[in-house]
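The figures here come from the full heavy-atom set of this structure, side chains too, leaving out hydrogens, waters and symmetry mates. First the proteins, then the strands, lettered A, B, ... as listed; each starts at 1.
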Number of protein chains: 2
Amino acid sequence: MRADARRNYERLLTEAGAAFGEKGTEASLEDIAKAAGVGVGTLYRHFPTRQDLILAVLRDRFEAMAATARDLTFDDPGRALRAWLLAQLHHITATRGLTAELAVAVNNPESPLHGQCEALFSVSADLLAKAKETGAVRPDLTQPDLATIVHGIAWSCESDPVRQERLLDLFLEGVLV
Amino acid sequence: MRADARRNYERLLTEAGAAFGEKGTEASLEDIAKAAGVGVGTLYRHFPTRQDLILAVLRDRFEAMAATARDLTFDDPGRALRAWLLAQLHHITATRGLTAELAVAVNNPESPLHGQCEALFSVSADLLAKAKETGAVRPDLTQPDLATIVHGIAWSCESDPVRQERLLDLFLEGVLV
DNA sequence: GCATAAGCGGAGGCAGCCTCCGTATATTTA
DNA sequence: TAAATATACGGAGGCTGCCTCCGCTTATGC
């Protein structure tokens with residue numbers, strides 16, 4: 001790839017992330033191109049469809065999430081699991097505007113991002129298995145349960161991390177006495 | 001309101017509900033007008049903005065939900081609360097495509113639908129108070145907690161009522177042992 | 001039946017989507 | 001270093017959907 005092409009690609013990705021975060025996935029692609037200082041033609045050559053652009057932005061975010069996962073410490077399995085779920089919440093919130101797309105990627109095996117999801121799933125699955133071994137969580141809990149509820153919580157109070165954390169704890173601890 | 005106007009209004013509402021359910025809130029308004037057998041002008045006179053149309057559709061759904069609430073039986077408070085949350089899940093699922101709008105109405109006091117939400121909130125609040133009295137739920141649980149988690153669950157597995165019910169029960173019972 | 005208030009509908013201006021292709025520039029080669 | 005060429009750029013233009021405006025139509029009251 002030519003140097004100018006790579007440069008434009010990066011700038012488009014940056015501006016797209018900002019625009020999607022501000023205005024949601026319906027942000028004008030012409031505006032994104034303008035913000036990146038290129039013509040629409042260039043945008044469409046790099047990202048033939050809006051979906052391609054969205055996916056490219058998400059791919060970046062997945063990297064960040066995978067990095068977080070690698071840095072997790074594994075003292076108490078129950079606490080480790082909670083920490084990981086909380087980290088996911090923060091990442092999803094940082095991906096404001098794309099939460100719905102993220103959820104599609106997670107739930108739909110057809111998604112081109114599903115492969116990257118798998119890596120994160122396996123982190124969840126490992127932590128979950130450890131937590132089950134030590135009896136920290138109920139044995140019928142599954143990794144998809146966790147993925148789904150985390151996305152549900154992240155989406156339903158997208159702009160309020162405090163409430164997200166509260167709902168996560170309610171979920172973990174239960175509501176019925 | 002003239003008879004023909006009322007007729008067109010109703011038909012537009014019906015078609016809009018169908019279109020939003022099928023294609024989401026971005027469904028073409030011209031298509032909706034066509035499906036209802038009227039010109040776009042008529043659609044825009046009745047519903048000056050897309051938002052107005054969405055809100056009108058939701059208003060209908062709220063009525064249905066309020067009716068469900070009135071029919072609730074109040075034997076065991078814990079069970080009654082669960083039944084009400086489950087009923088909400090079903091209604092939100094039936095409002096497929098508008099879940100996000102619904103959540104906005106619930107969370108944003110500025111929304112023109114917030115008034116109708118209040119009626120439903122008070123049902124939740126009553127059931128919640130009763131459940132607390134009998135010690136069926138933890139005392140720090142709030143009505144907004146419930147509203148938010150229900151929407152999160154409904155949204156995160158929009159098309160799978162079985163998983164919705166499972167997640168609701170996980171939430172109620174808790175995950176940590 | 002007529003007058004008129006109320007309602008209808010689609011033409012048209014505008015914005016954003018996406019394609020296409022002439023122009024410009026990075027890279028390779030001699 | 002300069003020519004050759006592969007690669008990339010960018011915006012004009014066709015298209016679709018949004019929304020407004022206003023001349024035409026029709027229900028309703030007298």
Side-chain angles (χ1 to χ4, degrees), chain A residues 1-60 96-98 100-101 104-105 111-113, chain B residues 1-60 96-98 100-101 104-105 111-113:
Chain A
M1 190 184 240
R2 248 166 67 168
D4 53 347
R6 153 129 288 133
R7 203 162 43 238
N8 285 334
Y9 182 94
E10 299 296 350
R11 296 192 61 183
L12 281 167
L13 217 47
T14 305
E15 294 301 335
F20 290 150
E22 253 172 66
K23 304 176 201 164
T25 40
E26 298 308 313
S28 156
L29 296 186
E30 317 229 308
D31 286 354
I32 291 174
K34 200 173 293 173
V38 304
V40 263
T42 300
L43 185 152
Y44 278 98
R45 193 161 349 85
H46 286 304
F47 309 100
T49 70
R50 177 183 296 273
Q51 195 62 10
D52 290 325
L53 184 52
I54 291 172
L55 292 182
V57 171
L58 283 180
R59 224 180 297 272
D60 266 18
R96 192 193 306 267
L98 298 180
E101 285 299 328
V104 169
S111 163
L113 284 180
Chain B
M1 191 183 239
R2 248 166 66 169
D4 52 349
R6 153 127 290 131
R7 205 164 40 241
N8 284 335
Y9 182 94
E10 299 296 348
R11 296 191 60 182
L12 281 166
L13 217 47
T14 306
E15 293 302 334
F20 290 149
E22 252 172 67
K23 304 176 200 161
T25 41
E26 298 309 311
S28 157
L29 297 186
E30 317 230 308
D31 286 353
I32 291 174
K34 200 172 292 172
V38 304
V40 263
T42 300
L43 185 152
Y44 279 99
R45 194 159 353 84
H46 285 304
F47 309 100
T49 69
R50 176 182 296 272
Q51 195 62 10
D52 291 325
L53 185 52
I54 291 172
L55 292 182
V57 171
L58 282 180
R59 224 180 297 272
D60 266 17
R96 191 192 305 269
L98 298 180
E101 285 299 328
V104 169
S111 163
L113 283 181

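A heavy-atom distance below 4.0 Å to DNA chain D is reached by these residues of residues 8-17 of chain A, ordered by number: A:Asn8. Within residues 43-56 of chain B, the residues that have a heavy atom under 4.0 Å from DNA chain D are, in order of number, B:Tyr44, B:Arg50.
Annotation: side chain of A:Lys23 is in contact with side chain of A:Asp31 (closest heavy-atom distance under 4.5 Å). Residues B:Phe47 and B:Leu13 meet the side-chain proximity criterion, which asks for heavy atoms closer than 4.5 Å. Within the 4.5 Å cutoff, the side chain of B:Gln51 has heavy atoms near those of the B:Glu101 side chain.
Across A:Pro112 and A:Leu55, no two heavy atoms sit closer than the pair CG-CD1, 3.2 Å. Closest approach of A:Ser111 to A:Val104, counting heavy atoms only: CB-O, 4.4 Å.
We find that CG of A:Asp31 is positioned 15 Å from C1' of D:dG11, with the value rounded to whole Å. Across the protein-nucleic acid pair, B:Lys34 atom NZ and D:dT16 atom P stand 11 Å apart, rounded to whole Å. Computed from coordinates, the A:Met1 CE to C:dT27 P distance equals 12 Å when rounded to whole Å.
For D:dC18, its base never sits under 3.5 Å from the side chain of B:Glu26 at any donor and acceptor pair. Taking 3.5 Å as the limit, the base of C:dT25 and the side chain of A:Arg2 contain a donor-acceptor pair of atoms between them.
More than 12 non-hydrogen atoms from other residues, nucleotides or ligands lie less than 6.0 angstrom from CZ of B:Arg59.
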Worked verdict on A:Val38 versus A:Arg11 for side chain to side chain contact (heavy atoms under 4.5 Å, CB included):
CA-CA 9 Å; A:Val38 304; A:Arg11 296 192 61 183; over 6 Å; no
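Ranking D:dG11, D:dA8, C:dG9 by closeness to the B:Val38 side chain, first place goes to C:dG9. Closest approach to the B:Glu30 side chain among D:dT28, D:dG17, C:dA26 is made by D:dG17 (side chain taken as heavy atoms from C-beta onward).
Between D:dT16 and B:Ser28, no contact under 4.0 Å exists linking OP1 or OP2 to a side-chain N or O. At D:dG10, one or more side-chain N or O atoms of A:Thr42 fall inside 4.0 Å of OP1 or OP2 (strictly under the cut-off).
Between the side chain of B:Arg50 and the main chain of B:Thr25, a donor-acceptor pair closer than 3.5 Å is present. Judged by distance alone, the side chain of B:Asp52 and the main-chain N or O of B:Thr49 form a donor-acceptor pair under 3.5 Å.
Across all strands shown, B:Ala3 has heavy atoms under 4.0 Å from sugar-phosphate atoms exclusively, and none from any base.
Map B:Arg7 and A:Asp4 each onto its nearest nucleotide of DNA chain D; the residue landing nearer the 5' end is A:Asp4.
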